[in-house]
Structures are given as structure tokens and as C-alpha cells.
Peer 1: 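One structure, pasted below without further comment.
Proteins get letters first, then strands, A, B, ... in listed order; numbering begins at 1 in each.
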There are 4 protein chains.
Amino acid sequence: MKEGKRKVIIDAAASIFARDGFDRAKMEDISSQAGIGKGTIYEYFKSKRDLFQEVIKHAVDVYIELLKGIGAEGRPFEEKLADFIQLHKELLEKHRDLANLIMKEPRDVTESTRRYFQSVKKDVVDVAVNLLDSAIQKGEVRDINRRMGAQIILGVTVSLLTAGLMRDEDWDIDDAVDIILHGISK
Amino acid sequence: MKEGKRKVIIDAAASIFARDGFDRAKMEDISSQAGIGKGTIYEYFKSKRDLFQEVIKHAVDVYIELLKGIGAEGRPFEEKLADFIQLHKELLEKHRDLANLIMKEPRDVTESTRRYFQSVKKDVVDVAVNLLDSAIQKGEVRDINRRMGAQIILGVTVSLLTAGLMRDEDWDIDDAVDIILHGISK
Amino acid sequence: MKEGKRKVIIDAAASIFARDGFDRAKMEDISSQAGIGKGTIYEYFKSKRDLFQEVIKHAVDVYIELLKGIGAEGRPFEEKLADFIQLHKELLEKHRDLANLIMKEPRDVTESTRRYFQSVKKDVVDVAVNLLDSAIQKGEVRDINRRMGAQIILGVTVSLLTAGLMRDEDWDIDDAVDIILHGISK
Amino acid sequence: MKEGKRKVIIDAAASIFARDGFDRAKMEDISSQAGIGKGTIYEYFKSKRDLFQEVIKHAVDVYIELLKGIGAEGRPFEEKLADFIQLHKELLEKHRDLANLIMKEPRDVTESTRRYFQSVKKDVVDVAVNLLDSAIQKGEVRDINRRMGAQIILGVTVSLLTAGLMRDEDWDIDDAVDIILHGISK
DNA sequence: AATGAATGAGGGTTCATTCAT
DNA sequence: GATGAATGAACCCTCATTCAT
């Protein structure tokens, strides 16, 4: 029961933080969104900042968990890459604003949260690095700087998605994969 | 004189907004950074929001102006692409935080500013689209979806730069250009 | 059993009120000090204020009881006076903070508590008045205004003790008695 | 002008703190008592605590200044003693509650304020000690422990006055002086 | 035109009290 | 009876904005 309410608060907070950003989010809005009293939040979280950190941590955990599912061996790199993009697409469609919280670099939080963010970003890049590494070893991909390649994959993915290009058109994923794989040169 | 002070305020505001973000930036900090009285800002700008919009507009104008310089005809696409990346690199190095203000989607401003942002982003993509279009017509690049290609170029550029990968390593631009042009596939 | 728990709560409250003062004392601290649940206090006391009043009343009752023991007839005034001071000394040493609660005039309580305090103070002064009265009638003391004399005795006692002058030096009591009795004039 | 308003705030705060105590005093009450806006206080004082400290410091400064006036040489100890009591009497009549703030030991302030309080108390006792010392040297008073004697004088003074005994009866000062000088013994 | 003192709406946080279990 | 999770009134403090000078 207790943990249940914690979750309710985190979900409400996620939606309000995502809508309004950290500074403009009001604890009262969060509490009413959660269907509880304003003071109740403080039974579960020390402060607004603390709540924010937990929201982020939760969102990130879900995200990382999903990401890890992609690595499964034995499938061609091309498919994994499509999955990687598809995953982000779904994530962004379902939790557009929350995704922003993860992708962007917020200035309004503890140094420790900032470090956490950095480490998360690194985790995400690492997933891409692993995808690449395995593909390079199998000879599917030429031997480029893995970290840079991973960064490029992530950047293309995020920028395509946040640009809203792919919102309704599934074929775009394949095109994106094609461009990442073969470039744009004739 | 009047316009001179306006500029002073915008510069000060740019530096404070970049440092603290919109919500945490204090009008008092801006005024003292500008070396003027707190009330004076309101002689030139209606409100904090208004000031912020002007700051963004100014930064964007400079940015767009620089971007337009790249289009110059007669040079190979590869060079233009390198210039495009180089321009962003310099911009990000000089005005890292301000650049964020432009690249990110701020939730803390007027709907009208949001629209302005959208149009700016479109302008930026348009520059890339034009680069691509001209290259496609010259046969330098295969006939991909121009807007998507442009978005990919931008995504690669921004993500590489914000990742800090290139901070001190100039060769990276060529590698990035290579990957954009020829992809990562063997 | 019921009364037993009441006593436990009063003792816990006394220690917390003494440590933190009325306003800063937290009901939760009191309950955990008492080893019971927060809500349980309200089974025994209507409110924080009510609890405070009971704490005071209890402390005062103990105090008054001790005071009354001094009056015993047949002993010289000088000894009684020394006892009076000694009693306060012990009281202050054992329950320094609680003693403050009694001696001082708290502004943070009901008018009725204030009146109670007044009456307690009067009781204490009365004890001193009785000491004096009996001494005056026996000719041990000159015929001064009894109430003023009593107030003086009390004032000297409390001020000496709270000043911490006598904390470790027993002889001081005799000196104090001497000065009260014979004044400071040559 | 600026200092003028500071003084206005301190006076208002003194009256509210005196009436309600530190914890219950509301900044809003203080501001409205001062006839200014709530935020204005914070232009002059960092926080409620800071304001409180300044109030105390101010009250104490006035008090110490008045006390020092008593020491003037060449007058008999008896007169000085009467002046000492008279001074406290007037002080308590005019600023009864504020006087309490000085005399009592508040638990709700910085350690540094507590130390300041201690030092003030010492100053006050020192004045009394000096009175006594000079009297002892002139042979007006027998050679008692000066600090204890001083504490006794202060105790008698304060206890008589806070008891409200002397509120309207001027003769009491002489009686008090008499008792301090000659004791109560026949 | 320029200033900065004054303002007060707004929001995070605390904690006495309630009440369902 | 005993509990402690839930509540929301209350209060300190910040800071964008105004306006008298």
C-alpha cells in the first residue's frame, strides 16, 4: 500500500514536471493530480528536488531496462538499429515530455543529479556502442570510432523523433536506418 | 544611445539566461550585469518574458546570418557540410548555454515564442535542406527525402557537439562528414 | 493502566517541552519519546496546549509539595531559609528546563494557563510569606512588608541559581542566607 | 531615510516579538505594524531570525547605555542602588515585554545570539559589581563576594519588578534598598 | 531617462490534528 | 484502545514589477 502510493505520486509528479518543468511545477498540482493532499507528498519525499530526482530515476530505470532488451544476439545489426529507433519512437510518443527530461540537461537540480544524468547518458550511449561494437566485429559495419558512431546514432534518432518527422509514417525508420548505414552520398 | 543600451541589456540578459535558465534568472542579476538600474530594463522591455524573447531573437538572428553564409555556390557539398558542422561547433563553443536555449524546446515562454522557435528551427533545417537539394541536383548526393536528410545532418551535428566529443579534436569534423556521406556500413 | 500511560506521556512531554519550548516541541517527538503512537496522545489529551497545561500542572504539583515540606515548625528561620534555597537548587539542577517553564511567564498558552501560572507563583510566594510571617512573629526578622520580603527571597534564590553561581559551591547557600538576613551594609 | 525605516521596522518588530514571542510573531504582523509591505522587511533584514537579533541588540544597547549612566562617582552607594532599581523599574514599565526578551534565555535563536545574550547578562552584572566594588572600597558595604552580591541585587530588583509589586507605589524602592543594605534580620 | 525602494502574490514546507483500520 | 497515514492551514521568503523621485 505504502509503495503503491509512492508510485502514484511519482506518476503524478512525472506528468506535472513534464508539463511544466521543474521550476514551474507546483507541489499542489502534483498532489491534486495524484488525488492526495499536499502534505502527503512530504511523507514520501523529502522535498520537491528529492521528488524530482526520484521521478527521473524511475523514468530512467524503465528506459534503461527497455534499451537492454535490444542487445539480443544473433540478429543482424540492421534490425537492431531499427529496434533502437523504434524503441525511442515509442518512448517519445508515450512520454514525450518525460523523455525530454532525460534527454535534456536540466540546470535546476543538485550536482548529484547532474552526475546521475551524465551517467545515464553514458549508459544509453553504451548500449549504442555495444550494438556497434558487435556489428563491427561481425564485419557488418566498418571500423569507425565506436563512441562517435554511437553518438551519431543517438543524435539522429533523437533529432528525427523530436522533429516529429516520423510521427505517423512507419517507413521512415527504414529510411533512417538506410541513411545511417549507407550515408547520403551517391 | 537608446539602442546602445538596449544591446547592453540584451547581452547581459543573454549571459544570465544562459547561466541560470529562464526561471532562475533574476532581473536584478541582469541589471547589475548590464551595469544599470533594475528599473531601467523596464524602459526597454515590457517584461522578463519579453526580454527573453528579444534575447532569443537576437541570438537567432546572428545564428541565421552565419548559416546563410554557408550556402555560397560553386563549392563541393562535402566542404559545405564541413562548414555547416564547423559553424555549429564554433557557435557551441562560444555560446554553449545560449545555443542550448535555441536548440531546446523551452516550456517557459509564450505560445508566440514557441511558434517563433519552431520557425527558427525550420529556418535552420531549411538551410540544410537547401544544401542537400543543391547537392542532390548536382548528383553529389543520392535522392533521399530532403527534409529527413537535413534533420539527420542537424541531428548528427548537434549530438556530436553537445556530447563534447569534438571539443578539442579537429579531425572529428571530417569523420563526421565521412559518416554522413558514406554511412557506417562496410 | 490508563493512568500509567498518561504519566508516561506527561513525562515524555515534560522532557521535550523543556528541551524545545512549547512552540518548537513536536507532538511526534513526544510520542516517540513516550514509546507510543502519535495518535495515542490524543486519547489522553485534547490538544498540544492541553498536554502542556497538564505537564505544567504536574510539575507544579510536585514543586508545591516539596515546598510545603519546608514549613515545619520549631526550626529557626535561618535553617528554613537555607532549606528553601537548597530545595530550589536541587530542583533547578534536576529539572533546569522544566523549572524555567514554571518560573518564566510563557506567552504561548491559554489565558487560563496564564492565570494558573499566576496562582502558582502566588503559591510559591505564599510559602515564602509564611516562612517570613512565622519568623517575624517569633522576632527573628524585623517587621518588613511580608509579600515584598518573600518576593525578595524568591528573587535572590532564583537569580543566584539561574546565574549558575552556586552550581558547585555549597557554601554559597550560607552566604546567600547571610546577605538576605543581614544585608550588605557594614 | 533608509536608516529611518530600519528603525521603524525594529520598533514594530520589538513590539510584535514582545507580544507574541519569536515563534508566534508573524512577519506580516510586523510589517503591517510598521506600516509597510511584507517584502520590505527583507530589504533591511535577511530573515526573521536576523531581525530578531537586531531587535535584541538594539534593546540591549539602549539598556546598557542607560546602565552606564549610573556609575557616576561621588554619590553614596545608597543613591546609586536606588537609581539602579529605579532604572529597571522604568525600563520594565515602558518595555515590559521587551525586557523579558533580555532577561530570559530564549531557546529559539542562533548560538551566536545566545552567546551575545550571555555577554550582555555579564555586562549588566558587571555594572552591579562595579557599584558594589566601589562601595566596598569606600567602606559603605562589607566585604562580600562581589559577583554574588551583584547577582543578589539584580535578583531582588528584577523579581520585585516583574512581580508587579511596585507598579504604582514609589516608596517601595527605598524599602528594597533598605532590605538589600540591612537585610531582613532584626 | 534612470533609478531602486517598496510591494505582495505565490509556493515550498511543517506539523497539529483526524480517522479508518 | 492504539496507531500512523493523510491532511491542509499557516507562514517564511523570493522576486517580477511599479512608481515616486
Peer 1: So, applying salt bridge (charged side-chain N to carboxylate O under 4.0 Å, His left out) with B/Glu54, which one of B/Arg49, B/Lys46, B/Arg6 is it?
Peer 2: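 Answer after filtering B/Arg49, B/Lys46, B/Arg6: B/Arg6.
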
Peer 1: DNA chain F: A/Ile41 or B/Met27, which has the more 5' nearest nucleotide?
Peer 2: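 Per heavy-atom nearest nucleotide, the more 5' residue is A/Ile41.
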
Peer 1: Just how far, in rounded Å, is P of E/dT3 from CD of B/Glu28?
Peer 2: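 Rounded to the whole Å, the gap is 13 Å.
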
Peer 1: Using whole Å, what does the distance between atom P of nucleotide E/dT7 and atom NZ of B/Lys38 come to?
Peer 2: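 Checked: the NZ to P distance equals 13 Å.
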
Peer 1: Specify the separation, in whole Å, of atom CZ of A/Arg24 and atom P of F/dC15.
Peer 2: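 For the pair A/Arg24 CZ and F/dC15 P, the rounded distance is 14 Å.
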
Peer 1: In whole angstroms, how far is the P atom of F/dG1 from the CZ atom of C/Phe45?
Peer 2: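 Atom CZ in C/Phe45 sits about 14 Å away from atom P in F/dG1.
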
Peer 1: Just the rounded figure in Å: distance from P of E/dG4 to CG of B/Asp29.
Peer 2: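 One finds 15 Å between P of E/dG4 and CG of B/Asp29, rounded.
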
Peer 1: Search all heavy atoms of C/Ile36 against all heavy atoms of C/Ile41 and return the closest pair with its distance.
Peer 2: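 Shortest heavy-atom contact: CD1-CG1, 4.1 Å.
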
Peer 1: Have a look at B/Ser31 and say if it touches a base, only the backbone sugar-phosphate, or nothing, with a 4.0 Å heavy-atom cut-off.
Peer 2: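 Touches nothing.
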
Peer 1: Hey, are the side chains of B/Thr40 and B/Lys5 touching, using non-hydrogen atoms and a 4.5 Å cut-off?
Peer 2: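 A side-chain contact under 4.5 Å exists here.
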
Peer 1: With heavy atoms under 4.0 Å as the rule, sort D/Ala34 into base, sugar-phosphate or nothing.
Peer 2: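 The answer is nothing, as D/Ala34 stays clear of every strand by at least 4.0 Å.
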
Peer 1: In dot-bracket, 5' to 3', how would DNA chain E read with Watson-Crick or G-U wobble pairs under 3.5 Å, [ ] for crossing ones and | for pairs to another strand?
Peer 2: .||||||||||||||||||||

Peer 1: Given atom NZ of A/Lys26 and atom P of E/dG10, what is their separation to the nearest angstrom?
Peer 2: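 Taking NZ of A/Lys26 and P of E/dG10, I get 8 Å after rounding.
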
Peer 1: What is the distance, rounded to the nearest whole Å, between atom CG of C/Asp50 and atom P of E/dA16?
Peer 2: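 Those two atoms, CG and P, are 15 Å apart.
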
Peer 1: Under 4.0 Å between a Lys/Arg side-chain N and an Asp/Glu carboxylate O for B/Arg19 and B/Asp29?
Peer 2: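 Salt bridge present between B/Arg19 and B/Asp29.
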
Peer 1: Expressed as a whole number of angstroms, how long is the span from C/Asp23:CG to F/dC12:P?
Peer 2: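 To the nearest whole Å, that distance equals 12 Å.
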
Peer 1: Please figure out whether D/Ala25 or B/Gly39 has its closest DNA chain F nucleotide nearer the 5' end.
Peer 2: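 With B/Gly39 and D/Ala25 compared, the 5'-side residue is D/Ala25.
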
Peer 1: Quick one: is D/Tyr44 getting a side-chain N or O under 4.0 Å of the E/dA6 phosphate, OP1 or OP2?
Peer 2: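 Affirmative; the distance criterion is met.
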
Peer 1: Could you check whether any side-chain heavy atom of A/His58 comes within less than 4.5 Å of a side-chain heavy atom of A/Lys7, counting everything from C-beta outward?
Peer 2: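 With C-beta onward as the side chain, the pair touches.
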
Peer 1: Do any side-chain nitrogens or oxygens of A/Lys5 fall under 4.0 Å of OP1 or OP2 in F/dA6?
Peer 2: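 Looking at the OP1 and OP2 atoms of F/dA6, one of them is under 4.0 Å from a side-chain N or O of A/Lys5.
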
Peer 1: Less than 4.5 Å apart, any side-chain heavy atom of B/Ile30 and any of B/Phe17?
Peer 2: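 A side-chain contact exists here, since the closest heavy-atom pair is under 4.5 Å.
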
Peer 1: Could you check whether A/Lys48 gets within reach of a base, just the sugar-phosphate, or nothing at all, counting any heavy atom under 4.0 Å?
Peer 2: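 Answer is sugar-phosphate: A/Lys48 comes under 4.0 Å of backbone atoms only.
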
Peer 1: Looking only at side-chain atoms of B/Tyr42, point me to the closest of F/dA16, F/dA2, F/dG4.
Peer 2: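 The answer is F/dA16.
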
Peer 1: Just checking, A/Lys48 and A/Phe22: is the charged tip under 6.0 Å from the six-membered ring centre and within 45° of the axis?
Peer 2: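 Yes - A/Lys48 lies over the ring of A/Phe22, closer than 6.0 Å to its centre and within 45° of its axis.
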
Peer 1: Counting heavy atoms from C-beta on, name the nucleotide in F/dT17, F/dA2, E/dT3 closest to the side chain of B/Ile36.
Peer 2: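 Of F/dT17, F/dA2, E/dT3, E/dT3 is nearest to the side chain of B/Ile36.
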
